Chemist: 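Here it is, the structure in full.
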Amino acid sequence: MSIIEEAVRKAAERRKRLALAADPMMSRPPRARRIASTAAVDAGTVRGFQTVQLDDETLAGNHLLPQLTDPAALRAYKILRTRLLRRLEANQWRSVAITGVTAGEGKTLTAINLAMALSQDVNTWVFLVDLDLQRPRIADYLGLNGLHGLSDYLVGDAAFESIIYSPNVERLSVVPSFQPITQASELLSSPRMGELLQALEAEHPRRIILFDMPPVLAADDVLAFAPHVDGVLLVVGEGTTGRDALKSAKEVLAEMNLLGVVLNRSNERNDGAYYSYAKT
């Protein structure tokens with residue numbers, strides 16, 4: 001072993017010792033850590049946010065879980081959830097940006113249903129954040145009404161606690177945006193946005209944070225925000241996403257950690273997967 005290799009090995013061992021000293025739970029295997037985390041949650045350590053009641057008819061009309069009844073779609077979201085959880089857990093990642101190539105491919109629908117599917121796992125808590133600031137849609141899809149949203153927080157007109165809503169879906173909290181913002185990419189890089197991310201990441205229990213973002217070819221928001229997320233999930237629509245547009249999106253995402261590609265609106269109705277998930 002070379003001197004450099006030996007130095008790298010010793011540095012890695014030192015980082016591991018420091019991590020264990022800071023958090024003894026890290027010495028346990030992943031499954032044990034998840035059980036311990038769940039026990040802490042059951043002990044009543046979850047902070048409550050503003051409670052809202054979602055309307056079942058609105059969810060069903062917008063093809064959203066838990067009112068979604070299409071067996072193929074239900075199976076697809078469960079598979080997507082499981083694959084994403086495995087990837088995140090393997091790398092100790094917590095945040096995912098969900099985007100599309102162009103408008104109309106279903107990335108917001110995918111973001112909401114994925115958040116719902118993740119929260120159905122008893123060990124998984126989720127924040128769903130509407131970062132499509134120029135065209136926010138999550139509140140409309142869910143039928144959410146509130147006094148303050150993310151746009152109010154980013155311009156300094158609302159506090160952190162006033163923009164988070166806990167619907168009648170266990171382990172799910174939503175940060176909607178009720179008003180569009182034109183200078184979106186500038187606000188995504190602002191100190192106020194940094195404070196929000198720190199506050200979300202500090203919540204107990206630790207949550208997976210899903211960010212619904214604009215299409216990559218519609219704005220520079222994804223590029224501006226990419227350094228703040230662990231990975232990106234790309235949604236494409238069968239029959240709506242052109243090859244040239246997909247190629248351009250691939251170039252934009254080249255330097256990001258692309259977790260996979262979701263094929264939405266597939267005509268496949270057999271026992272196979274309803275979507276295509278391409279791990280990079």
Side-chain angles (χ1 to χ4, degrees), residues 80 84 87-88 91-112 114-115 126-139 149-156 163 174-201 207-237 240-264 276-280:
L80 178 59
L84 183 63
R87 188 84 185 274
L88 295 179
N91 293 279
Q92 294 297 298
W93 291 338
R94 308 297 302 180
S95 58
V96 179
I98 300 173
T99 184
V101 179
T102 56
E105 295 165 327
K107 52 93 181 170
T108 298
L109 179 70
T110 300
I112 297 173
L114 178 56
V126 184
F127 274 130
L128 174 62
V129 184
D130 195 340
L131 278 192
D132 194 344
L133 297 178
Q134 297 185 57
R135 192 170 175 263
R137 298 293 304 281
I138 286 179
L150 179 58
S151 56
D152 302 300
Y153 175 86
L154 291 178
V155 298
I163 65 169
V174 181
V175 183
S177 186
F178 298 113
Q179 300 295 330
I181 297 178
T182 55
Q183 303 299 322
S185 59
E186 289 81 3
L187 287 174
L188 290 176
S189 304
S190 67
R192 191 76 170 162
M193 188 71 221
E195 293 171 7
L196 174 67
L197 295 177
Q198 290 179 2
L200 292 176
E201 292 169 356
R207 292 158 166 83
I208 292 174
I209 310 174
L210 298 184
F211 298 98
D212 178 33
M213 302 208 66
V216 293
L217 299 185
D220 64 341
D221 296 19
V222 177
L223 279 172
F225 195 68
H228 302 292
V229 296
D230 295 317
V232 177
L233 195 63
L234 180 67
V235 178
V236 299
T240 60
T241 306
R243 290 182 179 274
D244 290 341
L246 185 58
K247 182 179 179 180
S248 298
K250 184 179 178 181
E251 293 173 356
V252 173
L253 298 172
E255 296 183 3
M256 302 179 198
N257 186 11
L258 183 61
L259 298 175
V261 178
V262 178
L263 177 61
N264 196 30
S276 173
Y277 183 93
K279 178 179 174 181
T280 57

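Residue indices begin at 1 and follow the sequence shown. Worth saying up front: this structure is predicted, and the values here are computed from it rather than measured.
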Chemist: Can you tell me how far CG of L154 sits from CD of Q183, rounded to the nearest 0.5 angstrom?
Modeler: 13.0 Å
Chemist: Tell me if a side-chain donor or acceptor on S248 pairs with a main-chain N or O of D244 at a distance below 3.5 Å.
Modeler: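 Looks like yes, one N/O pair under 3.5 Å.
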Chemist: Looking only at heavy atoms, which two atoms of A97 and M213 are closest? And how far apart?
Modeler: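 Result for this residue pair: CB-SD, 3.8 Å.
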Chemist: Given side chain to side chain contact (heavy atoms under 4.5 Å, CB included), test I98 with L234 step by step and report yes or no.
Modeler: CA-CA 6 Å; I98 300 173; L234 180 67; over 6 Å; no
Chemist: Of I208, L233, L128, V126, which meets side-chain contact (heavy atoms from CB on, under 4.5 Å) against L114?
Modeler: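 It is L233; the other options fail the test.
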Chemist: Determine, step by step, whether E201 and I209 satisfy the side chain to side chain contact (heavy atoms under 4.5 Å, CB included) criterion, reporting the C-alpha distance in whole Å, the side-chain angles of both residues, the deciding distance to 0.1 Å, and the verdict.
Modeler: CA-CA 8 Å; E201 292 169 356; I209 310 174; 4.0 Å; yes
Chemist: Heavy atoms only: give me the nearest P180-Q134 pair and the separation to one decimal.
Modeler: CB-O, 3.5 Å
Chemist: With distance as the sole test, does D130 use its side chain to make a donor-acceptor pair with the main-chain N or O of I138 at under 3.5 Å?
Modeler: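 A pair under 3.5 Å: yes.
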Chemist: Would a 4.5 Å heavy-atom cut-off, applied to side chains only, mark L210 and V129 as touching?
Modeler: no
Chemist: For G237 and L263, work out which heavy atoms get closest and say how close.
Modeler: C-CD1, 4.3 Å
Chemist: Without hydrogens or angle criteria, can the side chains of T108 and D212 be said to hold a donor-acceptor pair below 3.5 Å?
Modeler: yes
Chemist: Evaluate side chain to side chain contact (heavy atoms under 4.5 Å, CB included) for R87 paired with N257, printing each intermediate quantity in order.
Modeler: CA-CA 12 Å; R87 188 84 185 274; N257 186 11; 4.0 Å; yes
Chemist: Would you say that V175 contacts F211 through its side chain, given a criterion of any heavy-atom pair below 4.5 Å between the two side chains?
Modeler: no
Chemist: Which atoms form the tightest heavy-atom contact between M193 and L131, and what is the distance?
Modeler: CE-CD2, 4.0 Å
Chemist: So, do V252 and V222 sit near enough that their side-chain heavy atoms are less than 4.5 Å apart?
Modeler: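 A side-chain contact under 4.5 Å is absent here.
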Chemist: Within the distance-only criterion (no hydrogens, no angle test), does the side chain of R135 pair as donor or acceptor with the backbone N or O of P214 below 3.5 angstrom?
Modeler: no
Chemist: Ignoring hydrogens and angles, tell me if any N or O in the side chain of S189 forms a donor-acceptor pair with the backbone of E186 under 3.5 Å.
Modeler: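 Such a contact is absent between S189 side chain and E186 backbone.
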Chemist: Which atom pair, heavy atoms only, marks the closest approach of P215 to T99?
Modeler: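 Distance-wise, the nearest heavy atoms are CA-OG1, 3.5 Å.
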Chemist: Are any side-chain N or O atoms of D230 and backbone N or O atoms of R94, one a donor and one an acceptor, separated by less than 3.5 Å?
Modeler: yes
Chemist: Spell out, as yes or no, whether a donor-acceptor pair under 3.5 Å connects the side chain of D152 to the backbone of G149.
Modeler: yes
Chemist: Decide side chain to side chain contact (heavy atoms under 4.5 Å, CB included) for L150 and L133; before the verdict, give the C-alpha distance in whole Å, the side-chain angles of both, and the deciding distance to 0.1 Å.
Modeler: CA-CA 8 Å; L150 179 58; L133 297 178; 3.9 Å; yes
Chemist: Distance-only, no hydrogens or angles: does the S177 side chain make a donor-acceptor pair with backbone N or O of P136 under 3.5 Å?
Modeler: no
Chemist: Under 4.5 Å between any side-chain heavy atoms of D132 and K107, yes or no?
Modeler: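 Answer yes - side chains close enough.
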Chemist: Roughly how far, to the nearest 0.5 Å, is CD of E195 from OG of S190?
Modeler: 8.0 Å
Chemist: Would you say the side chain of D221 lies within less than 4.5 Å of the side chain of S185, judging by non-hydrogen atoms?
Modeler: yes
Chemist: Assess, by modelled atom type and distance only, whether the side chains of E105 and T241 contain a donor and an acceptor separated by less than 3.5 Å.
Modeler: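 Yes, because at least one side-chain N or O of E105 sits under 3.5 Å from a partner of the opposite role on T241.
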